[in-house]
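Taking it in order: structure first as structure tokens, then the write-up.
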2 protein chains.
Amino acid sequence: MLSTDIVDTLVTIFGGGVRFMLAEGKHYKTIWPNKALSGVTIIDQTYLPFEFKLSELTSLDEVVEAIKFMRVRGAPLIGVTGAYGIAIALTNNSNDQSLANAKKKLIESRPTAVNLSWAVTLMFDQLKKEVSSNRASIAWMLAEKIANEDIKINQTIGEFGYKLFHKVKKPQINILTHCNAGWLATVDYGTALSPIYKAFKEGLNIHVWVDETRPRNQGMSLTAWELEQENIPHTIITDNAGGLLMQRGEVDFVIVGADRISIDGNVCNKIGTYLKALAAKAHNIPFYVAAPLSSVDLSYHGENNLFDIECRDEDEILKVKGMDSSNNLTEVKIGYSSAYNPAFDITPAKYVTKIICEKGIYNPGDIGKVLE
Amino acid sequence: MLSTDIVDTLVTIFGGGVRFMLAEGKHYKTIWPNKALSGVTIIDQTYLPFEFKLSELTSLDEVVEAIKFMRVRGAPLIGVTGAYGIAIALTNNSNDQSLANAKKKLIESRPTAVNLSWAVTLMFDQLKKEVSSNRASIAWMLAEKIANEDIKINQTIGEFGYKLFHKVKKPQINILTHCNAGWLATVDYGTALSPIYKAFKEGLNIHVWVDETRPRNQGMSLTAWELEQENIPHTIITDNAGGLLMQRGEVDFVIVGADRISIDGNVCNKIGTYLKALAAKAHNIPFYVAAPLSSVDLSYHGENNLFDIECRDEDEILKVKGMDSSNNLTEVKIGYSSAYNPAFDITPAKYVTKIICEKGIYNPGDIGKVLE
């Protein structure tokens with residue numbers, strides 16, 4: 001772990017002067033390479049909202065562990081982390097076997113978000129053509145390019161998504177979001193939260209309902225924390241509450257990210273997304289998905305194509321980490337039966353109002369055509 | 001608190017020989033009067049699943065506190081507890097003012113479950129006609145009668161509900177339930193779980209998906225604990241998971257309890273129930289509600305009649321209680337923004353397949369007619 005007191009130095013080198021999102025009053029990206037190009041620094045998201053901790057990853061194994069253990073998470077960010085993972089692996093050993101091994105290990109580290117295999121495969125395809133001695137330096141450039149493109153894509157998603165806000169004719173706009181598709185899920189700005197940041201910057205009176213997003217509470221721990229840092233009005237709710245809020249007219253639209261989108265617009269996203277989409281449909285509330293085109297899986301079509309959805313450890317449900325009364329981060333056991341923990345569900349295209357990507361705003365059924 | 005080692009004596013006096021539900025291998029009701037008719041013993045449900053603790057309530061204030069703090073909860077059980085509360089209040093002071101005060105305080109202790117005001121008003125109407133000196137003894141008899149009727153009602157609900165199981169033609173029947181509508185929510189047997197207990201006893205191969213039911217986790221803490229005690233196969237899931245399970249055909253029907261039912265079949269129940277009803281409808285999965293007729297509110301009709309839904313403390317969302325690694329029951333803080341915590345939602349009648357009550361199985365729109 002890097003102590004937070006050297007953050008200034010790192011930010012000066014890699015992020016100073018540029019507009020990145022706020023954390024503890026300073027501007028950050030979620031990942032950046034160290035000066036020697038031997039590793040990357042990440043925000044270890046398993047400590048949020050309790051502590052803001054940076055961590056350095058300097059080996060392939062560390063990168064794989066960080067993805068698996070969800071120190072970095074969010075479809076776009078794990079894509080970028082995977083790209084840097086290739087660069088780190090090649091820095092340590094740039095031969096064919098090392099490249100192939102890194103590709104395999106990284107893609108297997110988390111199965112659902114297609115951005116990971118997209119970014120890693122992109123790196124692999126380019127680098128296998130290069131001679132071994134050139135690979136590491138090219139890999140760092142490519143990874144940096146993917147990371148910078150992610151930032152631009154998310155800014156663009158913010159611009160397009162923001163245009164949808166004008167359709168809401170109310171003194172206050174109430175937005176519901178599930179999980180975290182904020183800047184912590186990307187390199188910067190976020191996907192679903194990017195239009196929210198833009199709207200707030202433009203002076204719109206917005207308020208965000210934040211689904212806590214059990215079992216890992218990415219809403220309560222990450223989205224609420226992000227919005228708090230930017231002073232955007234928000235309220236945490238249980239995942240159970242959205243239906244009632246929609247019944248009462250207290251939600252103007254829903255916006256979420258995506259881990260994988262079929263070419264015909266079915267959206268695989270954090271478990272529980274589908275229930276919100278059903279409720280939105282029942283109440284004629286727009287349900288928007290914001291994601292880069294790298295989340296579209298060209299081999300996936302049809303709403304019943306239930307590819308293997310990642311099933312995670314039952315302890316994510318049965319144990320909870322929080323601060324005890326002495327301010328020690330403590331894990332407590334809350335459940336004693338066995339638990340089943342699928343991490344994603346599929347929202348069929350018919351429940352999705354629009355998909356917002358870097359190319360514009362599309363009907364879900366048309367998203368595959370954007371890539372043609 | 002009573003220590004568990006005197007439980008045998010109490011069970012011998014009040015429950016021995018009768019078939020009540022199992023807790024730690026012994027048979028219990030959730031509430032029973034002490035021998036001197038000066039108070040009642042309850043299972044303090046705030047300690048489950050960590051400890052099985054009994055507690056004695058001997059004053060009106062203790063009864064009100066137990067209902068408010070959810071040491072006893074579940075619509076039928078808080079109705080019965082309210083009835084005993086009247087008896088306890090009159091034992092201490094049987095004049096008109098004491099009776100009126102007890103009625104008011106008890107009804108105000110929790111607002112949503114109509115069973116509470118039903119039972120307390122029933123007691124009040126009978127007792128105000130009696131001379132002060134007779135009231136206490138009559139009150140104990142009346143409360144005992146309401147408690148015993150609750151047991152019979154729930155057994156009958158079990159019989160009727162069980163008949164619906166035969167419609168499922170599968171080697172294993174997968175049932176999803178939300179919150180706790182088991183014996184802990186009643187005096188015995190439960191409402192939604194009563195047909196499940198009956199089916200298991202009859203040898204049906206059932207498996208129960210238990211929604212954890214944030215924020216208070218009545219599913220994970222109480223339903224799972226109940227089913228564990230009776231060795232009924234079950235698995236805890238997050239409240240987010242039900243949609244995916246239904247998509248995959250892994251839920252044969254949903255069964256839940258109710259806190260208040262309109263005469264035209266709209267069902268107020270634990271927050272999140274509505275989302276499961278929407279998903280069940282989308283997948284043509286039967287959605288059953290099991291409740292005594294005392295849960296029907298004669299003054300409530302129409303799905304948009306959103307009476308004041310109880311909103312509870314945000315700390316129920318932001319803090320979680322569990323066992324730390326040293327086996328100490330510890331509360332940890334998990335969220336740092338403000339939270340909004342409505343406790344119930346409304347499932348419109350159109351999403352309810354059948355309502356199971358002590359008189360039979362009804363279309364939701366017909367439930368009011370049963371009381372005519």
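All values below come from the heavy atoms of this structure, side chains included, with hydrogens, waters and symmetry mates left out. Chain letters run A, B, ... following the sequence lines, proteins first, then strands; residues in each count from 1.
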Worksheet item: Can you name the nearest heavy-atom pair linking L275(B) to A279(A), along with the distance?
Response: CD2-CB, 3.7 Å

Heavy atoms only, distances under 4.5 angstrom: which of [options] has the most pairs with chain B? Name it, please.
options: H178(A), E314(A), K281(A); answer: H178(A)
options: S338(A), P348(A), P215(A); answer: S338(A)
options: E228(A), K270(A), R214(A); answer: R214(A)

Practice prompt. Under 4.5 Å, counting heavy-atom pairs only, tell me which of T273(B), L278(B), I271(B), T235(B) racks up the most with chain A.
Written response: I271(B)

Identify which part of [X] has an atom lying under 4.5 Å from any heavy atom of chain A, answering side chain, backbone, both or neither.
X: E212(B); result: side chain
X: L245(B); result: side chain
X: H234(B); result: both

Straight-line distance of [X] [atom1] to [Y] [atom2], nearest 0.5 Å:
X: T347(B); Y: L244(A); atom1: OG1; atom2: CG; result: 10.5 Å
X: Y274(A); Y: Q247(B); atom1: OH; atom2: CD; result: 5.0 Å
X: D345(B); Y: N240(A); atom1: CG; atom2: CG; result: 8.0 Å
X: Y336(B); Y: S221(A); atom1: OH; atom2: OG; result: 9.5 Å
X: N341(B); Y: I236(A); atom1: CG; atom2: CD1; result: 11.5 Å
X: M220(B); Y: I334(A); atom1: CE; atom2: CD1; result: 3.5 Å

Fill in: Close contacts, residues 316-326 of chain A versus chain B, judged by heavy atoms under 4.5 Å
I317(A), L318(A), V320(A), K321(A), G322(A), M323(A), D324(A), S325(A)

Practice prompt. Mind running ring pair (Phe, Tyr, Trp, His ring centres under 6.0 Å) on H207(B) and Y340(A) for me, showing each step along the way?
Written response: CA-CA 13 Å; H207(B) 168 260; Y340(A) 177 60; 9.3 Å; no

Fill in: Those residues that, when tested against E226(A), pass side chain to side chain donor-acceptor pair (under 3.5 Å) (two or more places apart)
N180(A), Y197(A)

Discussion item. Please classify the contact between D239(A) and chain B as side chain, backbone, both or neither, with a heavy-atom cut-off of under 4.5 Å.
Written reply: both

